[in-house]
Amino acid sequence: MANATMALNDIFGRVGLRQMAGPVLILLILAMMVLPLPPFALDLFFTFNIAISVIVMLVAMNVMRPLDFSIFPTVLLVTTLLRLSLNVASTRVVLLEGHTGPGAAGQVIEAFGHFLVGGNYTVGLVVFAILVIINFVVITKGAGRVAEVAARFTLDAMPGKQMAIDADLNAGLIGEDEARKRRATIADEADFYGSMDGASKFVRGDAVAGIIIMFINVIGGLIVGVLQHNLDVGTAAKTYTLLTIGDGLVAQIPALIISIAAGMVVTRVGDAQDVSQQLVAQLFNNPKVIGLTAAIIGLLGLIPGMPNFVFLLLAAGLGVLARELDKRSRAAEVPVPVAVSPAVAPETQEASWADVAPLDVLGLEVGYRLIPLVDKSQDGELLRRIRGIRKKFAQEVGFLVAPVHIRDNLELKPNAYRILLKGVEIGQGEAFPGNLLAINPGRVAGQLQGTVTKDPAFGLPAVWIEISLREQAQAYGYTVVDASTVVATHLNHLILSHAAELLGRQEAQALLDHLVKEMPKLVEDLVPKVLPLGVLQKVLQNLLEEGVHIRDMRTIIETLAENAPRTQDSEALSGLVRVALGRSIVQQLYPDGAEIQVMSLDPQLERVLVQAVAGAGDNASIEPGLADTLVREAVAAAQRQEELGLPAVLLVPGNLRTLLSRFLRRGITQLKVLAHAEVPESKIIKVTSIIGGRA
C-alpha cells in the first residue's frame, strides 16, 4: 500500500497539478451527467458555474487584444458542457424529488425560483423567455457574426500582412526572430477567429437546449407528480414549474454573462487599452458632447409631466462633468514659454579650404513635410530604419556602406524626397506622413479610395490611402506600408542596386583592415605583396555588379592568393572567384531544393558566340541583327520564368558568361548569367527555355 501511494505521489509530482486540472474537470462534468448528485452538491456546482462566468467576463474586459485570451473558444466549450451537465443533474433531482417541495433541488434553484421571479411561475416563464431571446437572438448571434466576418477578413488579409513582414525583414527593420514571431501572431489570429466562429455555435445550441429542457421538465414533472405521487394538477404545475424556472434561470444567467464576454472579445478594436479604459477615454472625454447632452436632458426635465427631479439631477451631474473636462483640456493646451536668445549678427569671413566640402557618398534630401520623419528631436522613425538598413546590408552583402547624410531641401515639393549617390540623383519619390501606401502585388480583390501612384522602389501600382482603410486594404490583398517604410524600402533597393559603386578604395581598405584581425597572414601575403588594392577592389566590384555577395571573404582571398601570381587581370580573377563561390551563388538564387531550373542557349547559337569570342578575345561583339533577336528572346524567356515563380537565370559556357552578362544585363536587369563551372555537382539542372537567337 505504501509503495502504491508513493508511486501515485511520484506520478502526480511529474505531471503537475496544472496538467491534471483540465482532465479532472472534464471527468467531473461527465460524471455529473451520469451520477446522481445531492442538493448540496448542486448548490456548490451552480455557484461555481456563476463564479466562473463572472471570472471569464472580467478577464475579457481586461485583455488588451483578443489573442491575450486565446483559450477563450475552449473555455466556451467547457462552460457550455458544464451548464448542460448541471441541467441533466438538476433535471434528475427535480423529477425524482420535486414532489417534496421547492427545496428539493437545492437552495440555489429555490432562491432563483422564489426571489428572482417572486414565486410566480408566469413571471418566471416570461423572464426566462426574455433572457433566452437576449442571449440567443441578440448577443450570441451578433458575436457569432462578428467572429465569422473577422475570420474571413483575417484569412483574406494574411497574404498582405505576410508581404508587409517580408518587406520589413528585407529592409532590415526587423530581424528573423521578430519576423517569425509576427508570422506566428498572424496565424494565431486566423485560428482564433475561426475557433470563435465555431465556438459561438455551442452557445446558440446551449440556448436552444435550455428551452427544450424547460419543456421536458415541466411536462415530465406534471406526469410524475400527477401519476406517480398523486398530486393534483394545480399543485404539480406550480411546484415543478417553479423548480424548472429556477433551474433554467440559474443556467441562463451564467450563459448570458459568457455570451457578453464573447461579444466583448471579438468586437475589440485596438490593443493599447482595455475595455474600461477605452470606454472612459472615448465616450466620456469630450466636454462639448457631455455639455450638449446635459442641455438636452435639462430641457426634457422642464417639460410638465416628465420626472423633473430625475432629469434635472442627471443634467446637473453631466454639466459638472463637462465643466471639469473643459478645465482639464484648457490646462493641457496652455503653451510653455520658451526663452528666445537674441540673434547674433553674422560676421563676414574670408573664404578658406574649409568651404570646400566633399561630396557625400550617400545623401537623402527631403521636403519640409517629411522633416519630422528624419528629425532626431522628434524621434524620427526613418532614422532608425536607415540604421537598420545599413546593418542588414553589412550582414548580408559583406561590407559597410557610407553613412546616409540627410538634409532638407526647400526646392523640393513638400512631400518629395530624392536619393543622391556622390551628389547625383539616383532615385526620387513622394511620401505622405499620416497616410499609408497600399501596394498592389499583382492580384487584389477590389479598388481603394485614394491617390493613385506607383511604388517608388519597384514601380508597382499603388494607392495612398487613409489610415482608417488599412484593414480593408489588407483584406483586399494589398501590401500596406507607412511613409517611412516607403522611403526606407526605396533607399534599401537603390543601395543594393549600386553596391559596386559604393565599394570605393576607402571601403575596400576598411574591409581588409577588418579581415586582418581574423586572418592576418593570408591578407598580408596577398595585398599588397602579390595583388594591388586596386585590382582587389575591381574584383569585388565585378562581383557586386552582378548581385554576388562578398560575405565569404576567406574564399575570395584564398582564390586570389592562389591565382594572382599567374594573372593580374581583374576579369579573369573575377571568373575564378565566381567558380569558387559557385555554391554560394546558386544558393542565393535557389535557396530551396536540389534542382535548379534555368534557361539555355540553342547549340547552334552557342557555337557562333564561342567562335566570336575565340577570334576577338575581350573585344568580341555580336552582329546587330543577331543581337536584337537575342535580346528579344531573352526578355520573353525571362518573363516566362517570372510567371512560373522562378529566377531568370541563363546557363552558358564559362567563356561566354562575361560577354552575355554585360550584354543582356542592360536590357534585363533581373537576369543572372551562370557558367557551367559555377553550378555544384550536387545540383540537378533542368532547362525550362531555349533561347534560339535566330531571326
Side-chain angles (χ1 to χ4, degrees), residues 47 50-66 68-69 72 111-112 114-118 120 123-124 126-143 145-146 249-250 252-336 467-468:
T47 306
I50 296 173
I52 198 69
S53 64
V54 173
I55 291 173
V56 170
M57 186 180 68
L58 292 178
V59 171
M61 292 181 64
N62 286 278
V63 295
M64 295 298 182
R65 58 196 185 102
D68 293 339
F69 201 5
F72 190 49
F112 274 80
H114 275 292
F115 298 111
L116 293 185
V117 299
N120 189 321
V123 175
V126 174
V127 172
F128 179 80
I130 291 174
L131 287 177
V132 170
I133 291 172
I134 292 173
N135 187 14
F136 179 68
V137 178
V138 181
I139 300 176
T140 303
K141 187 174 182 180
R145 178 59 178 166
V146 171
L249 289 176
V250 80
Q252 280 303 312
I253 289 177
L256 182 63
I257 296 174
I258 293 288
S259 299
I260 293 172
M264 287 183 176
V265 169
V266 298
T267 55
R268 282 297 309 273
V269 176
D271 57 3
Q273 297 174 318
D274 58 36
V275 173
S276 301
Q277 292 172 326
Q278 287 183 328
L279 185 67
V280 173
Q282 298 180 24
L283 196 59
F284 299 102
N285 201 31
N286 191 329
K288 294 181 180 179
V289 173
I290 302 297
L292 184 59
T293 304
I296 294 173
I297 297 297
L299 290 174
L300 291 175
L302 296 176
I303 298 175
M306 296 291 287
N308 307 99
F309 176 74
V310 175
F311 273 72
L312 293 176
L313 180 63
L314 182 58
L318 291 174
V320 172
L321 176 61
R323 184 178 178 184
E324 291 298 322
L325 291 175
D326 186 60
K327 286 182 179 179
R328 292 182 185 178
S329 62
R330 290 179 184 275
E333 292 175 359
V334 174
V336 179
I467 294 179
S468 59

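The structure displayed is predicted, hence computed values, not measured ones. Side-chain atoms are counted along with the backbone in the values below, which use heavy atoms only and exclude waters and symmetry mates.
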Straight-line distance of [X] [atom1] to [Y] [atom2], nearest 0.5 Å:
{"X": "F72", "Y": "I258", "atom1": "CZ", "atom2": "CD1", "answer": "6.0 Å"}
{"X": "I257", "Y": "I55", "atom1": "CD1", "atom2": "CD1", "answer": "11.0 Å"}
{"X": "L302", "Y": "I297", "atom1": "CG", "atom2": "CD1", "answer": "11.5 Å"}
{"X": "K288", "Y": "L325", "atom1": "NZ", "atom2": "CG", "answer": "13.0 Å"}

Next item on the list: Measure across A294 and G319 and return the closest heavy-atom pair with its distance rounded to 0.1 Å.
Entry: CB-N, 3.6 Å
Notebook entry, point to check: Looking at side-chain heavy atoms only, is the closest gap between I303 and L300 below 4.5 Å?
Noted result: yes
Notebook entry, point to check: Can you tell which of V63, N62, V56 makes a side chain to side chain contact (heavy atoms under 4.5 Å, CB included) with V59?
Noted result: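 With V59 as partner, side chain to side chain contact (heavy atoms under 4.5 Å, CB included) holds for just one option, V63.
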Note to self: Checking the side chain of D326 only, and the main-chain atoms of A322 only, is there a donor and an acceptor separated by less than 3.5 Å?
What the structure shows: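 Such a contact is absent between D326 side chain and A322 backbone.
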